[in-house]
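Quick caveat: nothing in here was measured; it's all calculated off a predicted structure. Within every chain, numbering begins at 1; the chains are lettered A, B, ... in the order of the sequence lines, protein sequences first and strands thereafter.
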Amino acid sequence: MEAIGLAVAGYLDVVVLSTPPPPWEDPSLFAQQVLSGIASGSLFAILALAVVLIYRSTDVLNFGQGEMAMFTTFIAWSFMTQMPLWPAFFLTLLVAAAMGAALERLVLRPVEEAPVLNAVIVTLGLYTIFTGLALRVWGPLPKGFGPFTLDFLFFEIDLAGPVCAGEVCIGKLSVATFVAAVIIMALLFVLFQRTMLGLAMRATAQNRTASRLVGIPVGRMLSVGWGLSAAVGAVAGVFVAQNVGLSTGSLAAILIFAFAAAVLGGLDSPVGAIVGGLTIGVVRNLAGTYVPSEVGSVDLVVAFLLIVLVLMVRPTGIFGRRALRRV
Amino acid sequence: MLNVSDLHVAYGPVLAVRGISLTVPKGQIVALLGANGAGKSSTLRTISGLQRPTHGTIEFEGRRIDNIPAERIVQMGISQVPEGRQIFTDLTVMENLRLGAYTRRDGAGIKRDLDRTFTYFPVLGERRGQTAALLSGGEQQMLAIGRALMAKPSLLLLDEPSLGLAPMLVREIFRIVKAINEEEGLTILLVEQNANLALEIANEAYVLETGQVVLEGSAEELRGNEAVRRSYLGY
């Protein structure tokens with residue numbers, strides 16, 4: 001009895017010892033945790049952008065998004081054994097876009113008239129197909145993938161290693177991920193809000209009959225949506241793989257967070273995807289650091305609790321405006 | 001301008017239209033009257049290309065169009081205001097109208113038609129930045145008509161514009177439709193359950209029952225017709 005008491009006391013001791021000082025006593029630890037959160041959040045954000053893109057243009061949630069991204073990253077890996085980084089990267093984007101468009105045409109189109117749930121089930125099928133295909137083609141062993149040195153003609157950026165300000169550091173790769181996420185968001189924002197193509201894609205997602213009646217080639221819009229989304233997914237994959245390595249399971253865990261990010265931000269909003277991704281990354285990191293727990297890390301609990309709370313107040317997500325209906 | 005001949009439309013085993021023939025002369029308003037399920041909407045949907053006929057032909061300005069997909073028929077000059085309005089509720093009024101002109105590339109012409117739409121429907125101009133979901137039912141119907149006009153059609157198909165609207169609003173909308181027809185010579189094929197109103201603005205009308213034409217004639221003739229009065233006009 002006494003022994004158990006001692007053991008518990010000892011365990012609690014350890015927990016108490018591992019609780020970090022509050023932010024006001026150690027601001028650089030706090031800053032470090034926020035930055036690391038932004039780093040992982042940027043990864044969620046890019047994949048969330050791909051999710052938002054398909055949702056916004058076809059009204060379907062693509063559960064195969066992560067595996068498609070993983071698959072295209074393997075393709076990038078293969079290209080990189082044959083050619084320099086940039087050509088391999090852009091060729092990958094092209095292949096990914098073509099693949100996405102072809103998938104829509106061949107696999108999703110047949111269930112177009114059916115309830116949207118059928119399409120969602122098909123995307124679950126894509127998930128398993130791409131995992132299996134990647135195993136078959138590239139085998140089960142993880143591949144080394146970056147971090148790369150980016151050659152910008154007049155200067156080079158080595159993505160390996162951190163940049164530091166005082167005691168606070170962030171990986172250069174994470175900075176690049178964040179920048180890429182913001183650039184993609186800006187491009188998508190312009191596409192959806194400022195171009196006729198983007199407007200037609202939004203219209204198609206909303207009401208296909210009405211879209212056909214105003215002359216929009218609905219099928220082509222759906223293909224374009226899937227193609228763009230697959231390309232954005234490929235970018236996500238390339239960054240994720242540099243962070244965690246390239247294997248068939250690389251993207252699966254990230255996709256859960258990407259979905260959560262997209263929902264939190266509002267499923268139809270590119271800006272929301274970024275804000276959602278960063279929020280989840282940062283909250284998760286801070287919760288893991290500052291919330292004391294005797295049962296292991298509570299970072300996920302806190303992060304998802306936050307999502308539930310936000311959705312209770314704003315069911316459409318922070319930036320979403322989908323469910324706006326006048327009855 | 002439009003010639004429909006011996007049109008048959010089926011949804012699976014269900015025959016919705018059984019041998020309808022009708023003609024819409026240029027510059028006129030032709031009304032299709034009849035009860036629910038008489039085949040009025042099916043006829044319109046087939047003309048606009050949303051539905052394929054199982055038999056029969058549709059000719060528009062001398063060209064067969066019964067095998068052309070909806071998105072190309074718009075380009076040829078037929079715009080449909082669908083039943084239940086079907087506006088893009090999550091988009092703004094302006095975006096809805098802009099999409100109406102999707103097939104057009106003449107920027108100046110689009111601008112002119114936008115102004116024209118706002119002249120006919122001033123409320124759309126006032127609310128151009130608003131999400132369409134926030135419009136009232138009548139305003140949504142105006143938006144649906146405005147969107148169809150933005151395609152610069154030579155033939156407008158109007159499906160039940162009075163559906164679910166207060167009588168005063170319906171009058172207002174019909175007045176505007178008549179004005180558009182008279183001022184611009186726009187040809188209109190109007191499907192309507194409210195036969196009274198439809199016959200007020202139409203030049204000619206067809207009465208459909210269970211997928212067939214049972215009566216046709218000038219609006220004036222039909223207004224005076226005993227059977228039409230009893231069944232559809234209610235006096």
* **Close approach to chain A in residues 47-62 of chain B, criterion heavy atom under 4.5 Å** => B:Ser48, B:Gly49, B:Leu50
* Between CD of B:Glu95 and CE of A:Met196, what distance do you get to the nearest 0.5 Å? -> 9.5 Å
* Asked: Contact part of B:Arg147 toward chain A, heavy-atom cut-off under 4.5 Å: side chain, backbone, both or neither?
  -> side chain
* Structure fact -> Correct closest heavy-atom pair for B:Thr89 and A:Gln206 would be N-OE1, 3.1 Å
* To do: Count the heavy atoms belonging to other residues, nucleotides or ligands that lie under 6.0 Å from CZ of A:Arg105, then report whether that count exceeds 12.
  => no
* Looking at A:Ala203 and B:Leu99, what are the two nearest heavy atoms and their distance? -> CB-CD1, 3.4 Å
* Close contacts, residues 212-231 of chain A versus chain B, judged by heavy atoms under 4.5 Å -> A:Arg212, A:Leu213, A:Val214, A:Gly215, A:Ile216, A:Pro217, A:Met221
* Flag the one option from B:Arg72, B:Arg98, B:Met150 with the top tally of heavy-atom pairs under 4.5 Å to chain A. => B:Arg98
* Asked: For B:Thr103, is it the side chain, the backbone, both, or neither that has a heavy atom closer than 4.5 Å to a heavy atom of chain A?
  -> both
* Structure fact -> Taken in chain and number order and not counting sequence neighbours, the residues that satisfy ring-ring contact (aromatic ring centres under 6.0 Å, His included) with A:Phe189 are none
* Below 4.5 Å from any heavy atom of chain A, which atoms of B:Gln80 appear? Answer side chain, backbone, both or neither. => both
* Asked: Given B:Phe88 and A:Ser211, is the side chain to side chain contact (heavy atoms under 4.5 Å, CB included) satisfied, shown in steps?
  -> CA-CA 9 Å; B:Phe88 301 107; A:Ser211 297; 3.5 Å; yes
* Can you tell if the side chain of A:Arg202 reaches within under 4.5 Å of the side chain of B:Asp90, non-hydrogen atoms only? -> no
* Asked: With B:Tyr120, which residues qualify under side-chain hydrogen bond (donor to acceptor under 3.5 Å, both in side chains), at least two apart?
  -> B:Glu183, B:Glu184
* Over 12 non-hydrogen atoms of neighbours within 6.0 angstrom of CZ in B:Arg171 -> no
* Asked: Is it the side chain or the backbone of B:Ile87 that comes within 4.5 Å of chain A heavy atoms, both, or neither?
  -> backbone
